[in-house]
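Heavy-atom basis, side chains included; hydrogens, waters and symmetry copies ignored. First listed ligand is number 1; within each ligand, the first listed atom is number 1. Quick caveat, the model's predicted, so the values are computed rather than measured.
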Amino acid sequence: MKNICIVFTFIAFAVLLTSCNNKSDEYIDPRGTDYAGSESCIQCHQSQHNDAIHTSHFKATSPGTKENILGHFVNGKNTFVYSKNIKLVMENRNDSLYQVVYKDGKEVEAYPFEILFGTKHAQTSAYWKNHYTYELPISYYKLINSWGTSPGYSATTLNFERKIDKECYACHSSNIASQYITTSSDSLNFLTMEIEDFMNKNTLVYGIDCERCHGPAKKHVQTHLKFPDLKQAQNIVSFKNLTRQQRIDACALCHSGNDQVKLKSRFQYKPGESLNSYFRKNLQLKEDLNFDVHGNQLGLLSQSKCFIKSEKMDCMSCHNPHQDSYKSMVVYSKICVSCHQESKHKPETIKNTSKTIMANNCVECHMPKQDSKAIRFQQSNTAPVTSYSLRTHKIGIYPVPKK
Ligand code: HEC
Ligand code: HEC
Ligand code: HEC
Ligand code: HEC
Ligand code: HEC
Ligand code: HEC
Ligand code: HEC
C-alpha cells in the first residue's frame with residue numbers, strides 16, 4: 001500500500017512536471033490568454049502569413065537591430081552637424097546602434113536606437129529611459145536617402161527629452177501595457193506618493209499583426225486544431241459579414257487622423273465595433289476641412305465623389321489588407337476603370353499625354369502627391385526645410401501635371 005502510494009505520488013508529480021514543462025513551451029501572448037500570436041496562423045493560412053509579414057504594417061515598429069535599421073552608419077554618411085562645435089554621429093558599437101553627441105570633438109553622451117518606427121518613407125527611433133520611451137532627434141528619410149531632423153525637431157539644438165507616448169504605439173504596434181509604479185520624492189511620507197502611468201517594456205508586441213486587425217483568435221485556433229474538417233470559420237469575426245461602415249472603421253481606427261477626442265484606447269478595439277465609442281468627433285466630415293495627406297486617408301477619401309456616390313467603396317476596394325500598396329499604377333487604373341468604363345477627357349487634357357499613360361496612370365492626375373503640413377524635416381548644417389509628400393486620397397480633378 002505504501003509503495004503504491006509512493007508510485008502514485010511519483011506519477012502525479014511526473015504529470016505535474018510534464019504539464020509544467022508543456023506550459024513553459026507554450027507561446028504566451030502579452031495581450032492575454034485570448035491571443036494566439038501570428039506564428040500560430042501559418043499552419044492554416046500560409047498565403048496570408050507569407051504576404052503580411054513583409055508589409056509596412058508588420059514593420060510599423062520593430063527592434064532597433066542592424067537588420068531592421070535603414071540609415072547609414074559609414075563614415076561620411078553618418079554625421080549630422082548642429083553647429084560649429086556640436087555634431088551627432090550614428091555609430092555601430094558591438095552590434096548596438098547609437099546616436100552619439102560630440103562637443104568640440106569629445107563624446108558627451110550616447111543614446112541607443114531601441115525601437116524603430118516605419119520603413120516605407122521614413123524611419124524614426126526611440127530609446128527607453130525610466131519605463132518610458134523617448135524619440136531620437138535624427139530620423140532617416142528615403143526621399144533624400146539620408147538623415148534629417150525628426151518631425152518637429154530643431155536643426156540647431158539637440159533634444160532627447162520628447163516622449164513617444166502610448167498614442168504612437170496604439171497606431172504603430174499591437175500592444176503596450178501600462179505599468180503603475182509608485183514614485184515619491186520623500187520615501188518616508190506616504191502622502192506625497194504618486195502613482196505614475198509608465199510603459200511595461202515586456203508587453204510590447206511589435207508591428208500591426210494578424211490579431212490587431214482580426215481580434216483575439218486563440219479560440220479560433222483551438223477549435224480548428226481540434227476539428228480539422230471544419231470548413232466554416234469558427235470564433236472569428238468575418239469581414240464578409242460586416243457592413244461598409246464596420247469595414248471602414250477597422251482601418252479608420254488608425255487612418256483617420258489623430259485630432260478626435262479619445263474616449264477609449266485604440267488598443268481595446270475589435271473588428272465589428274463602431275468607432276463612435278472610441279472618438280468623440282464623428283467621421284461625418286465637412287467639405288471645407290483641410291485634412292493632411294499624412295495619417296488621414298479616410299478623411300480625404302470621404303471628400304471624393306467616388307466614395308460619396310458609390311455604395312460599396314471602402315479601403316479594400318483598392319488595397320489588399322495583407323499587402324502593401326501596389327507599386328504599379330496600372331493595377332490601380334484597372335480598379336478605376338472597373339467603375340469608369342468611359343471617362344470623358346477634354347482634348348487639351350489628352351494633348352500632351354500618350355494613350356497608354358491616359359489608360360494606365362489615372363492616379364498621377366487624380367490622386368497627385370501632395371506635401372504634408374504636419375511632417376517636414378531639415379538636413380545637416382541647417383539646410384532648407386524639405387517637405388514630405390504622400391498621395392492624396394481625395395480623388396478629384398487637379399491641374400494636369402507639367403512635364
Ligand atoms: C488549425 C487551422 C487554423 C488555424 C491555426 C487558424 N485558422 Fe483561421 N481559419 C481556419 C479555417 C478552416 C477557416 C475557414 C476557411 C477559410 O476561410 O480559410 C479560417 C478562417 C479564418 C478567417 C476568415 C473568417 C471569415 O469568415 O472571413 C480569418 C480572418 C482567420 N481564419 C484568421 C486566423 C488568424 C488570425 C489565425 C492565427 C491567430 C488563424 N486564423 C489560425 C483555420 C485555422
Ligand atoms: C493599428 C493601426 C492600423 C490599422 C488598424 C490599420 N492600419 Fe494601415 N497603417 C498603419 C500604420 C502605422 C501604417 C504605416 C506603417 C509604416 O510604414 O510604418 C500603415 C500603412 C498602411 C498602408 C501603406 C502600406 C505601404 O507600405 O504601402 C496601407 C495601404 C494601409 N495601411 C491600409 C490599411 C487598411 C486597408 C486597413 C484596414 C484593413 C488598415 N491599414 C488598418 C496603421 C494601421
Ligand atoms: C491591416 C489589417 C489586417 C492584418 C494585419 C491582417 N489581416 Fe487578415 N484580413 C483583413 C481584412 C480587412 C480582411 C477582409 C478582406 C476583405 O473582405 O476584402 C482579411 C481577411 C482575412 C482572411 C480571409 C481570407 C482572405 O484572405 O480574405 C484570412 C484567412 C486572414 N485575413 C488571415 C490573416 C492572417 C493569418 C494574418 C496575419 C498573418 C492577417 N490576416 C493579417 C485585415 C488584416
Ligand atoms: C492615428 C494613428 C497614428 C498615430 C497616433 C501615429 N501615427 Fe505614425 N503613421 C500613421 C499612419 C497611418 C502612417 C502611414 C501613412 C501616412 O503617413 O499617412 C504613419 C507613418 C509614420 C511614419 C513613417 C512610416 C514609413 O514607413 O514611412 C513614422 C516614422 C511614424 N508614423 C511615426 C510615428 C510616431 C513617432 C508617432 C507618435 C509621435 C506616430 N507615428 C503617431 C498613423 C499614426
Ligand atoms: C466603386 C466605384 C468607383 C471606383 C473604384 C472609382 N470611382 Fe471615381 N467615381 C465613382 C462615382 C460613382 C463617381 C461620381 C460620378 C458622378 O458624379 O456622376 C466618381 C467620380 C470620379 C471623378 C469626378 C470627380 C469630381 O470631383 O468631379 C473622378 C475624376 C474619378 N471618379 C476618378 C477616379 C479614379 C482616378 C479612380 C481610381 C483611382 C476612381 N475614380 C475609382 C465611382 C468610382
Ligand atoms: C480608389 C482607390 C483607393 C482607395 C479606395 C483607397 N486607396 Fe489608399 N492608395 C491608393 C493609391 C493609388 C495609393 C498610392 C500608391 C503609391 O503611390 O504607391 C494609395 C496609398 C495608400 C497609402 C500609402 C500612402 C503613401 O503615399 O505611402 C495608405 C496608408 C493608404 N493608401 C491607405 C488607405 C486607406 C486607409 C483607405 C481607406 C480609408 C484607402 N487607402 C483607400 C488608392 C486607394
Ligand atoms: C493627364 C492627366 C489625366 C489622366 C492620366 C487621367 N485623367 Fe481623368 N481627368 C483629367 C482632367 C484634367 C479631367 C477634367 C476634365 C478634362 O479637363 O478633361 C479629368 C476628368 C475625369 C473624370 C470626370 C469626367 C467624366 O468623364 O465623368 C473621370 C471620371 C476621370 N477623369 C477618370 C479617369 C480615369 C479612370 C483615368 C485612367 C484610366 C483618367 N481619368 C486618367 C486628367 C487626367
Side-chain angles (χ1 to χ4, degrees), residues 55-60 118-123 141-143 171-172 208 213 239 244-258 275 283 285 287 291-372 374-375 387-403:
T55 57
S56 305
H57 278 144
F58 261 64
K59 296 179 216 149
T119 50
K120 190 182 188 186
H121 303 287
Q123 189 173 63
Y141 295 92
K142 274 215 178 133
L143 180 70
C171 288
H172 281 268
I208 296 156
C213 287
F239 274 91
R244 182 193 189 192
Q245 191 58 51
Q246 285 172 313
R247 286 166 65 87
I248 289 168
D249 281 0
C251 309
L253 180 68
C254 309
H255 288 280
S256 59
N258 199 25
L275 284 187
L283 298 166
L285 304 152
E287 204 82 27
F291 297 119
D292 199 82
V293 278
H294 162 66
N296 201 345
Q297 285 77 23
L298 178 64
L300 291 161
L301 187 66
S302 307
Q303 298 176 330
S304 324
K305 276 197 189 150
C306 306
F307 184 83
I308 298 166
K309 298 258 175 106
S310 56
E311 276 164 21
K312 279 209 181 128
M313 184 185 271
D314 59 33
C315 310
M316 276 66 83
S317 309
C318 299
H319 297 292
N320 178 334
H322 306 131
Q323 292 173 0
D324 282 338
S325 54
Y326 302 109
K327 303 251 167 1
S328 158
M329 293 302 139
V330 182
V331 183
Y332 289 109
S333 301
K334 288 210 177 94
I335 300 170
C336 309
V337 170
S338 71
C339 290
H340 297 287
Q341 278 83 1
E342 45 185 310
S343 29
K344 298 171 206 77
H345 289 98
K346 294 188 191 139
E348 63 258 39
T349 307
I350 348 182
K351 198 174 58 190
N352 295 318
T353 315
S354 75
K355 265 205 173 119
T356 349
I357 292 185
M358 277 314 287
N360 289 338
N361 206 354
C362 320
V363 169
E364 201 55 43
C365 292
H366 291 294
M367 297 178 73
K369 283 195 176 156
Q370 292 180 342
D371 290 344
S372 165
I375 300 185
S387 312
Y388 186 81
S389 65
L390 294 174
R391 254 178 222 293
T392 181
H393 275 65
K394 186 172 178 176
I395 307 169
I397 292 166
Y398 297 88
V400 175
K402 290 191 190 75
K403 266 169 245 148

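Which of Gln341, Lys351, Glu364, Met358 comes nearest to atom 41 (C) of ligand 7 through a heavy atom is settled by distance: it is Met358. Among Ser354, Pro347, Cys365, the residue whose heavy atom sits closest to atom 5 (C) of ligand 7 is Cys365.
Protein atoms of type N/O/S that fall under 2.8 Å from atom 8 (Fe) of ligand 6 number 2 in this view.
Within ligand 7, counting atoms from 1 as listed, the ones closer than 4.0 Å to a heavy atom of Thr353 are 1 (C). Close contacts between ligand 5 and Cys362 involve ligand atoms 35 (C) [criterion: under 4.0 Å to a heavy atom]. For ligand 6, the atoms lying closer than 4.0 Å to a non-hydrogen atom of His121 are 25 (C), 26 (O), 27 (O). The His255 neighbourhood of ligand 6 comprises atoms 29 (C), 35 (C), with distances under 4.0 Å to a heavy atom of that residue. Each of the atoms 5 (C) of ligand 7 lies under 4.0 Å from some heavy atom of Asn361. Taking every non-hydrogen atom of Met329 and a distance limit under 4.0 Å, the qualifying atoms of ligand 6 come out as 15 (C), 16 (C), 17 (O), 18 (O). Of all atoms in ligand 6, numbered sequentially from 1 with element shown, those under 4.0 Å from a heavy atom of Asp314 are 5 (C). Near Val400, meaning under 4.0 Å from one of its heavy atoms, ligand 7 places the atoms 1 (C), 12 (C). Atom numbering of ligand 5 starts at 1 in the shown order; those under 4.0 Å from a heavy atom of Met313 are 3 (C), 4 (C), 5 (C), 6 (C). For ligand 6, the atoms sitting less than 4.0 Å from at least one non-hydrogen atom of Val363 are 12 (C), numbered in the order shown with element in parentheses.
Atom CE of Met358 and atom NE2 of His345 lie 4.0 Å apart (nearest 0.5 Å). For the atom pair OG of Ser328 and CG of Asn360, the computed distance is 7.5 Å after rounding to the nearest 0.5 Å. Note that the SG atom of Cys336 and the CE atom of Met367 stand 8.0 Å from one another [nearest 0.5 Å]. Here the CD1 atom belonging to Ile335 is positioned 10.0 Å from the SG atom belonging to Cys362, to the nearest 0.5 angstrom. The distance from the OG1 atom of Thr392 to the CD atom of Gln370 is 4.5 Å, given to the nearest 0.5 Å.
Between the side chain of Tyr326 and the main chain of Tyr332, no donor-acceptor pair closer than 3.5 Å is present. With Lys305 contributing its side chain and Ile395 its backbone, the two residues share no donor-acceptor pair below 3.5 Å. The main-chain N or O of Asn296 is never found under 3.5 Å from a side-chain atom of His255 such that the two would form a donor-acceptor pair. Judged by distance alone, with hydrogens and angles left aside, the side-chain atoms of Arg247 form a donor-acceptor pair with the main-chain N or O of Phe239 at under 3.5 Å. One N or O on the side chain of Ser354 and one on the backbone of Ile357 form a donor-acceptor pair closer than 3.5 Å. Here the side chain of Ser304 pairs no donor or acceptor atom with the backbone of Cys306 at under 3.5 angstrom.
Checked against a 3.5 angstrom limit, the closest N/O atoms of Lys344 and ligand 7 fall inside it. At under 3.5 Å, not a single nitrogen or oxygen of Tyr398, backbone or side chain, sits near a nitrogen or oxygen of ligand 7. For ligand 7, one of its N or O atoms has an N or O atom of His345 under 3.5 Å away.
Judged by the 6.0 Å distance and 45° axis criteria, Arg391 is not positioned over the aromatic ring of Tyr398.
Remark: minimum distance from atom 42 (C) of ligand 7 to any protein heavy atom is reached at Thr349 CG2, 3.5 Å. Closest to atom 24 (C) of ligand 6 among all protein heavy atoms lies Lys120 NZ, 4.2 Å. The closest protein non-hydrogen atom to atom 23 (C) of ligand 5 is Ile397 CD1, 4.6 Å. For atom 28 (C) of ligand 7, the nearest non-hydrogen atom of the protein is Ser343 CB, 3.8 Å. Given atom 26 (O) of ligand 6, the protein heavy atom at minimum distance is Leu390 CD2, 3.3 Å.
Within a 4.0 Å radius of atom 15 (C) of ligand 5, the protein contributes no non-hydrogen atoms. For atom 18 (O) of ligand 5, the nearest protein heavy atom lies 4.0 Å or farther away. Proximity of atom 30 (C) of ligand 5 to the protein is indicated by at least one non-hydrogen atom lying closer than 4.0 angstrom.
Heavy atoms of Val337 found under 4.0 angstrom from ligand 7 belong exclusively to the side chain. Residue Tyr326 touches ligand 6 through its backbone alone, judged by heavy-atom distances below 4.0 Å. Contacts of Ala359 with ligand 7, taken as heavy-atom pairs under 4.0 Å, involve the backbone alone. Residue Lys369 does not touch ligand 6, judged by heavy-atom distances below 4.0 Å.
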How far apart are the C-alpha atoms of Ile397 and His366, what are their side-chain angles, what is the distance that settles it, and do they pass the side chain to side chain contact (heavy atoms under 4.5 Å, CB included) test?
CA-CA 6 Å; Ile397 292 166; His366 291 294; 4.3 Å; yes

Hey, mind stepping through Gln303 and His393 against side chain to side chain contact (heavy atoms under 4.5 Å, CB included) and telling me if it holds?
CA-CA 9 Å; Gln303 298 176 330; His393 275 65; over 6 Å; no

So Val293 and Ser389, side chain to side chain contact (heavy atoms under 4.5 Å, CB included) or not? Walk me through it.
CA-CA 8 Å; Val293 278; Ser389 65; over 6 Å; no

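Looking at Ser372 and Asp292, their side chains do bring a donor and an acceptor atom within 3.5 Å of each other.
Contact record, Met313 with Ile248: O-CD1, 4.2 Å, taken as the closest heavy-atom pair. Residue Ser387 comes nearest to Leu143 through the heavy atom pair O-CD2, 3.7 Å, listed as atom of the first residue, atom of the second, then distance. Minimum interatomic distance between Asn320 and His322 (heavy atoms only, all atoms of both residues): OD1-N, 2.8 Å. In terms of heavy-atom proximity, Cys251 sits nearest to Met316 at SG-SD, 4.1 Å. Here the closest non-hydrogen pair linking Arg244 and Ser310 is NH1-O, 3.4 Å. Here the closest non-hydrogen pair linking Leu275 and Asp249 is N-OD2, 3.1 Å.
Taking the six-membered ring where the residue is Trp, Tyr388 and His121 present perpendicular rings, their angle passing 60° and hence far from 30°.
Within the protein, the N, O or S atoms sitting under 2.8 Å from atom 8 (Fe) of ligand 5 are Cys306 SG, His340 NE2.
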